[in-house]
Amino acid sequence: MKTELLLGDEAVALGAVDAGIAGAFSYPGTPATEIFEAIEAYAKGEGRGTRDGGRDEHSGPRAAEGYASTTSTESPESFPTPSAQPPAAIWAQWSANEKVAYEEALGMSYAGKRAIVSMKHVGLNVAADPFMSSALTGVNGGLVLVVADDPGMHSSQNEQDSRYYGEFAKVPVFEPSNQQEAYDMTREAFEFSERVKLPVLIRLVTRLAHSRANVAAADENRRELRDKSAGKAEPSDWTLMPSNARRRFKRLLDVQPELRAYAERSPFTKMRLAGRRGIVASGIAYNYVREAIGAQEEDSLLKIGVYPLPAGLLRELVDHCAEIFVVEDGYPFIEERLHGLLGVPGKTFRGKLSGPLPLDGELTPEIVAAGLGMPFPATVPPETGLVGRAPQLCKGCPHGDTFKALVDATAGHENPVLFSDIGCYTLGAFPPYNAVHSTVDMGASISMAHGASQAGAHPVICTIGDSTFTHSGMTPLIGAVRANANMTVVILDNATVAMTGAQETMASDQKLIDVLHGLGVKDPVIFEPLPKNHEKTVSILEEAIAHRGLSVLVARRACIQIKPQKPPAKSAATCELADGGQSSGA
Ligand SMILES: Cc1ncc(C[n+]2csc(CCOP(=O)(O)OP(=O)(O)O)c2C)c(N)n1
Ligand code: SF4
């Protein structure tokens with residue numbers, strides 16, 4: 001065993017590498033981004049776990065063309081007999097969006113290899129379609145989906161709890177309470193996935209994903225490629241036409257008792273029966289409980305690590321206790337199920353539903369201790385002397401110059417409708433621009449602009465980043481082109497996925513123009529948002545607004561954080577990348 005100081009995300013990554021994955025798939029999103037990035041680093045030989053002893057055929061920077069890791073040149077040729085040639089290394093490449101990432105991982109699993117797919121919580125909304133159906137098809141090589149929830153919305157547009165998705169799909173959910181469990185559970189999740197032939201969902205939360213602790217990991221030389229491709233696969237299991245889907249849904253129902261039995265006896269679930277107050281805790285909240293109650297052994301305690309819920313253990317605890325306190329980060333998932341609509345006669349429940357724990361936001365050790373009536377050392381925030389300020393675009397950001405021009409170009413219109421999307425440019429909602437009137441979900445700016453234009457609104461303009469465009473903006477643009485909708489689309493091509501830490505983008509520069517041509521946009525207008533071009537940019541926008549029909553413009557200028565810096569400029573770059581440090585939603 002070797003001990004390493006790891007983020008929760010990195011512990012999952014190492015667990016996956018040590019479980020013998022053949023591939024990692026993801027689309028960036030805080031707080032899950034580092035899972036993929038750590039696997040990518042391992043795959044490139046920067047960390048441990050490279051299957052071929054650290055061979056690295058790729059030497060370019062991460063944000064460069066050609067993508068990162070040592071990649072497989074072999075792809076499965078046909079099902080059910082996958083390629084006899086195992087891939088030479090871990091395949092690790094960002095996907096266009098979370099749905100694509102999930103499907104790529106599923107394909108790898110069908111081909112008999114272990115695959116991990118990771119995303120932030122809202123990413124699972126995008127990937128929900130293949131996720132739900134993969135519970136019916138089942139898997140071949142182990143398939144583990146890691147979803148990082150963001151209670152408290154540190155860098156997200158909403159707060160949602162992925163355990164509901166696990167229950168909805170009827171697949172097992174593992175919820176680590178610390179970094180060691182993140183590592184151990186990931187390895188176990190692959191084993192279990194292959195045993196029950198289902199995808200396994202691992203749920204993390206921001207606080208665990210982004211904090212470090214020592215993790216004891218397996219020795220480097222224990223890692224070996226897992227390969228299920230020799231077994232005969234049954235293609236009809238994976239072909240969800242109604243007759244097969246009905247059969248497969250029955251199979252999913254039939255396997256549920258096995259999942260429940262596993263949850264009851266899982267080493268990640270622990271129970272202690274003691275006093276008449278019972279505490280049920282899961283995930284990171286279990287740590288907060290341990291911190292609050294310390295070494296005392298008066299309370300009865302059930303730690304839940306695996307779902308579906310261990311009904312037998314919960315029954316024992318409820319029978320034994322008069323008062324049950326449920327402590328969980330996220331929605332009151334356990335509490336709702338335990339309490340039901342009508343409660344349990346003679347038993348008192350406490351938690352998020354009945355108080356004193358808050359229904360929204362993130363739990364903290366202080367909140368949990370106060371809820372349990374335990375003393376907690378008061379912490380005094382350090383005196384920094386700093387005044388709080390709204391998040392801002394970096395000084396010199398290309399998006400700022402586009403928004404300035406947009407504000408001037410629309411100044412003569414009484415009611416311009418300015419849809420936008422998710423990225424650094426969401427900060428255009430703040431003064432001095434106030435040029436973002438909506439941000440809902442990735443790609444929505446184009447579809448909403450189309451809807452508004454068909455309602456007769458004018459001018460209708462949407463701003464969308466290059467990565468968000470290839471994530472979910474291309475599909476609605478096809479409809480807008482077909483209808484020649486009276487609207488203006490401005491694609492903000494800054495050559496990177498800036499908000500989540502400058503990952504490589506799918507289509508920038510000429511590639512983006514080629515994509516637009518392919519979607520039916522004949523003559524996209526390109527401009528360079530620079531202060532010296534301001535008047536010209538304003539007139540390009542005015543012309544587009546005056547045009548009765550669809551105009552597609554590309555604001556092409558690289559994010560200043562990825563441009564090579566001249567020495568003095570280096571110290572002058574003070575911007576935080578929004579997804580990591582600001583909070584406009586990521
Ligand atoms: C479904 C979903 N997946 C991922 C994210 C995280 N995320 C927010 S914006 C963004 C992309 C930003 O890139 P781009 O559109 O090119 O704009 P930039 O930040 O470069 O200006 C990502 C990946 C999210 N908010 N929602
Ligand atoms: S990171 Fe780049 S895109 Fe984001 S605000 Fe700064 S300069 Fe603009």
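Ligands are counted one by one from 1 in listed order, and the atoms in each one are counted from 1 as well. Along the sequence shown, residues are numbered consecutively beginning with 1.
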Taking non-hydrogen atoms only, is I560 closer than 4.0 angstrom to ligand 2 via side chain, backbone, both or neither?
-> both
Determine whether the side chain, the backbone, both or neither of M442 has a heavy atom under 4.0 Å from any heavy atom of ligand 1.
-> side chain
The option among G123, A32, P28, S467 carrying the non-hydrogen atom nearest to atom 16 (O) of ligand 1 is S467
Counting from 1 in the order shown, the ligand 1 atoms closer than 4.0 Å to a non-hydrogen atom of Q157 are 25 (N), 26 (N)
Just which atoms of ligand 2 are under 4.0 Å from any heavy atom in Q561?
-> 1 (S)
For E543, does the CD atom have more than 12 heavy-atom neighbours from other residues, nucleotides or ligands under 6.0 Å away?
-> no
Taking 2.8 Å as the cut-off, does an N/O/S atom of C559 lie below it from atom 4 (Fe) of ligand 2?
-> no
Of the backbone and side-chain N, O or S atoms of C394, does one lie nearer to atom 2 (Fe) of ligand 2 than 2.8 Å?
-> no
Does the side chain of V215 reach to within under 4.5 Å of the side chain of L14, using non-hydrogen atoms?
-> no
Minimal heavy-atom distance between Y331 and R163, with the atoms involved, is O-NH2, 3.0 Å
Measure V126 to ligand 1 on non-hydrogen atoms and call it side chain, backbone, both or neither using the 4.0 Å cut-off.
-> side chain
Would a 4.5 Å heavy-atom cut-off, applied to side chains only, mark L204 and P31 as touching?
-> no
At under 4.0 Å between heavy atoms, what of T500 touches ligand 1? The answer is side chain
Are L124 and E98 close enough that some pair of their side-chain heavy atoms sits under 4.5 Å apart?
-> no
Atoms of ligand 2 under 4.0 Å from any heavy atom of H399, numbered from 1 in the order shown, are 3 (S)
Check each of D149, N158, T206 against H121 using the side chain to side chain donor-acceptor pair (under 3.5 Å) test, and report the only one that passes.
-> N158
